[in-house]
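Given the structure is predicted, the values throughout are model-derived calculations rather than measurements. These numbers come from the heavy atoms of this one structure, side chains and all, not from hydrogens, waters or symmetry mates. Quick note: residue numbers are just sequence positions, from 1.
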Amino acid sequence: MAGVWRCMLAVALMCVCLWDSTEAVGGAVSRPRPQRRPRKKPKVEPIDVTPAAQNVDIQQMTGTWYLLNTASKCSYLINHGTKVEPTVMTLTRSSPTDETLSVSTKTRHNHQCWEILQTYDLTPTPGKLTLKGTRPELNTEIAIGETDYTSYAIMYYQKRCKITMKLYGRSTDNLSEPMLTKFEQLAEKQGLGLAYLFPFPTYSHCGDVDQDHVINCVPTC
């Protein structure tokens, strides 16, 4: 799944109080007091301040979702955004108590349909998931920002400090203009203006994919 990054924000340092040497009574010069070590502010990642939908029902998120729009500063999209291919994502859960979601993403590359298999791990925070990378710093953190389960879902993906937003629909033709406008407004709040919006085709989605063109990324790849 193209266009997602993650890293930590730079840690800000608090101001340091410096003590000047002062002359004590009787002319003695006092020793300078040791400088205090700067305190580090808690590390904050963009995904931590991205509000996830409250009380998300993961079971209702399962099923098929069509990618309709993406907001991202991904260099690939910036250079090739006019050539994006129709993309469909299917979420499945083996049981209501399973702590993972199986993810199938189908798209086309060089006129060939491909399927990418992944796993999203549920986190203790409702509406937030993790796609594990080969190393923890390569994890992708995911937040389900808004959804009504039946027509649309807005999802945030963070990898290496970069946020990508995706607008999914249950079908390709039932999304209202106000919802598209809302997605654009939410993207603008993330610094992703119109220049960073990439609509995806709503036709010619891939169906069955032969095993030679399945990329199995479980657990990671």
Minimal non-hydrogen separation, [X] against [Y], with atom names:
X      : Y      : answer
Val103 : Thr105 : CG1-OG1, 4.0 Å
Val209 : Cys113 : CG1-O, 3.7 Å
Pro96  : Gln59  : CA-OE1, 3.7 Å
Leu197 : Ala71  : CD2-CB, 3.5 Å
Lys106 : Gly207 : NZ-O, 2.9 Å
Pro199 : Asn69  : N-OD1, 3.4 Å

Mark yes or no for whether [X], through its side chain, and [Y], through its backbone, hold a donor-acceptor pair below 3.5 Å.
X      : Y      : result
Arg93  : Gln60  : no
Tyr149 : Asp57  : yes
Lys166 : Leu67  : no
Thr147 : Tyr152 : yes
Asn139 : Gly133 : yes

Just checking, any donor-acceptor pair under 3.5 angstrom between side chains of [X] and [Y]?
X      : Y      : answer
Asp148 : Ser151 : yes
Thr107 : Thr87  : yes
Thr97  : Ser95  : yes

Close side-chain approach of [X] and [Y], heavy atoms under 4.5 Å:
X      : Y      : value
Cys221 : Asn216 : no
Asp212 : Val214 : no
Glu85  : Pro201 : no
Leu192 : Ser72  : no
Leu117 : Glu115 : yes
Thr64  : Met89  : no
Gln185 : Thr181 : yes
Tyr196 : Leu77  : no

Could you check whether atom CZ of Phe200 has more than 12 heavy atoms from other residues, nucleotides or ligands sitting under 6.0 Å from it? yes

Should we count CG of Asp208 as having more than 12 external heavy atoms under 6.0 Å?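 For Asp208, atom CG is not crowded (no more than 12 foreign heavy atoms under 6.0 Å).
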
Determine, stepwise, if the pair His109 / Trp114 fulfils ring pair (Phe, Tyr, Trp, His ring centres under 6.0 Å). CA-CA 7 Å; His109 180 67; Trp114 291 82; 7.4 Å; no

Verify side-chain contact (heavy atoms from CB on, under 4.5 Å) between Ile154 and Leu186, making sure each step is shown before the conclusion. CA-CA 9 Å; Ile154 296 174; Leu186 291 173; 3.7 Å; yes

Would you give the length of the straight line joining atom [atom1] of [X] to atom [atom2] of [Y], rounded to the nearest 0.5 angstrom?
X      : Y      : atom1 : atom2 : answer
Met165 : Lys189 : CE    : NZ    : 9.5 Å
Tyr120 : Leu131 : OH    : CG    : 6.0 Å
Lys132 : Thr140 : NZ    : OG1   : 13.0 Å
Leu122 : Glu99  : CG    : CD    : 5.5 Å
Met155 : Ile144 : CE    : CD1   : 5.0 Å
Ser104 : Ile116 : OG    : CD1   : 8.0 Å

If the test is side-chain contact (heavy atoms from CB on, under 4.5 Å), which one of Thr220, Leu101, Val218 qualifies with Thr119?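 Considering Thr220, Leu101, Val218, a side-chain contact (heavy atoms from CB on, under 4.5 Å) with Thr119 is found only for Val218.
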
Out of Lys128, Glu146, Met61, which one pairs with Val56 under the side-chain contact (heavy atoms from CB on, under 4.5 Å) rule? Met61

Report the C-alpha separation of Val84 and Tyr76 in whole Å, then their side-chain angles, then the decisive distance to 0.1 Å, and conclude whether the side-chain contact (heavy atoms from CB on, under 4.5 Å) test is met. CA-CA 10 Å; Val84 294; Tyr76 179 85; 5.8 Å; no

Just do the side-chain contact (heavy atoms from CB on, under 4.5 Å) check on Thr164 and Thr70 with the steps written out, would you? CA-CA 7 Å; Thr164 289; Thr70 294; 3.8 Å; yes

When clusters are formed by joining ILVMFWY residues with side-chain heavy atoms under 4.5 Å apart, either directly or through shared neighbours, do Phe183 and Leu194 land in the same one? yes

Pi-cation contact, Trp65 with Arg170 (under 6.0 Å, within 45°): yes

